[in-house]
Amino acid sequence: MTHASHSPHSSSEWHENGYDLARGLAAYTGSVLVDGIARVVAKHPDASIANAFNHKQVLCKLWARDELFNNAGPAYGRVVVLGGWYGVLPAMLLDDRRFTIDAIDSLDIDPAVEQVARTLNSGFGDRFRAVTADMYAIDYRSLKADLVVNTSCEHIADLGTWLGLVPSGTRVLLQSNDYFSEPSHINCVASLEEFQAKAGLSRVDFAGALQMKKYTRFMLIGTI
Ligand SMILES: C[S@@+](CC[C@H](N)C(=O)[O-])C[C@H]1O[C@@H](n2cnc3c(N)ncnc32)[C@H](O)[C@@H]1O
């Protein structure tokens, strides 16, 4: 028995298919976030949005969102996300009707991600802002953030030095992992205990580990 042969799709065909699929999913779900993904596929064809929104990334951020809700509640004035990449977590928070959040700022050192984050979050209007900035060079006092989020702790050289810049009493949500083999991960932790020791939070409302196939993700929610 022979199988029908399929001609290989070119990458531009895949891109067009991806756009059609994302638009269809946006129409079907009515999701502002999924509509944002369709816009990113159309406007920023070189952005790695499929990587940023793969199921592992989404699971880690759903976990963050649920435990934030469970342990710190639904209402925030200003949320600041550091190392925010394409702004997926801000989009997931703004998309979640359980939360009331005035505004989310997504800051990232890479200038290439700013416009993509804006496109992804365009449906949320002026409640979302993307800024290119080094998280070690920010005046955190002037930000007056209700909540500071960093799910990119494995990407920064010194967690303690960075946390030392954020005013004490600030509520934080932090994620890191033990995925040492990934070259861009310059500061992984081997365990939840090591993460807690490095962060040195004055109060911990949540500390947990999420087992993924190739690595474990760790999360702390608490106060500096
Ligand atoms: C690969 S991404 C995010 C991975 C993470 N698991 C997540 O989605 O939350 C890490 C981001 O951290 C950013 N980053 C690294 N060092 C930074 C710094 N000093 N200030 C701001 N952003 C930084 C990078 O540019 C990148 O966009």
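No experiment lies behind these values; they were computed from the predicted model shown. Indexing begins at 1, ligand by ligand and atom by atom, following the structure's order. When a residue number appears, it is its place in the shown sequence, counting from 1.
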Worksheet item: Can you find a non-hydrogen atom of Ser184 under 4.0 Å from ligand 1?
Response: no

Discussion item. Could you check whether any heavy atom of Val113 sits closer than 4.0 Å to an atom of ligand 1, since that is the contact criterion I want to use?
Written reply: no

Practice prompt. Considering heavy atoms of the protein only, find what lies nearest to atom 20 (N) of ligand 1 and give residue, atom and distance to 0.1 Å.
Written response: Met135 N, 2.9 Å

Worksheet item: Does Tyr136, backbone or side chain, put an N or O under 3.5 Å from an N or O of ligand 1?
Response: no

Worksheet item: Any salt bridge between Asp139 and Lys144, counting N to O under 4.0 Å?
Response: no

Worksheet item: Strictly by modelled atom types, are Trp14 and Tyr19 linked by a side-chain donor-acceptor pair under 3.5 Å?
Response: no

Discussion item. For Glu154, is there any backbone N or O sitting under 3.5 Å from a side-chain donor or acceptor partner on His185?
Written reply: no

Discussion item. Going by the closest heavy atom to atom 19 (N) of ligand 1, which one wins out of Thr151, Asn177, Leu107, Asp134?
Written reply: Asp134

Worksheet item: Will you find, in the side chains of Asn51 and Ser48, an N or O donor that is under 3.5 Å from an N or O acceptor?
Response: no

Practice prompt. Could you tell me the residue and atom name of the protein heavy atom closest to atom 12 (O) of ligand 1, and the distance to it rounded to 0.1 Å?
Written response: Gly83 CA, 3.6 Å

Worksheet item: Does some non-hydrogen atom of Asp108 fall short of 4.0 Å from ligand 1?
Response: yes

Worksheet item: Would you call Asp205-Arg171 a salt bridge at under 4.0 Å N-O?
Response: yes

Discussion item. Looking at Arg129 and Asp105, is there a salt bridge between them, counting it only when a charged N and a carboxylate O are closer than 4.0 Å?
Written reply: yes

Worksheet item: Just distances here: any N/O of Ile156 and N/O of ligand 1 closer than 3.5 Å?
Response: no

Worksheet item: Are any side-chain N or O atoms of Ser191 and backbone N or O atoms of Glu194, one a donor and one an acceptor, separated by less than 3.5 Å?
Response: yes

Fill in: Nearest neighbour in protein (non-hydrogen) for atom 17 (C) of ligand 1
Ile109 CG2, 3.6 Å

Practice prompt. Using a strict 4.0 Å cut-off to heavy atoms of Arg217, name the atoms of ligand 1 that fall inside it.
Written response: 6 (N)

Discussion item. Tell me the nearest of Ser152, Gly84, Ser176 to atom 3 (C) of ligand 1, using heavy-atom distances.
Written reply: Ser152

Discussion item. Does the residue Glu154 have a heavy-atom contact with ligand 1, meaning some pair of atoms that are separated by less than 4.0 Å?
Written reply: yes

Discussion item. Given 3.5 Å as the limit, does a donor-acceptor pair link the side chain of Tyr140 with the main chain of Gly164, or not?
Written reply: no

Fill in: Residue selection (non-hydrogen contact nearest atom 1 (C) of ligand 1) among Lys61, His185, Gln57, His155
His155

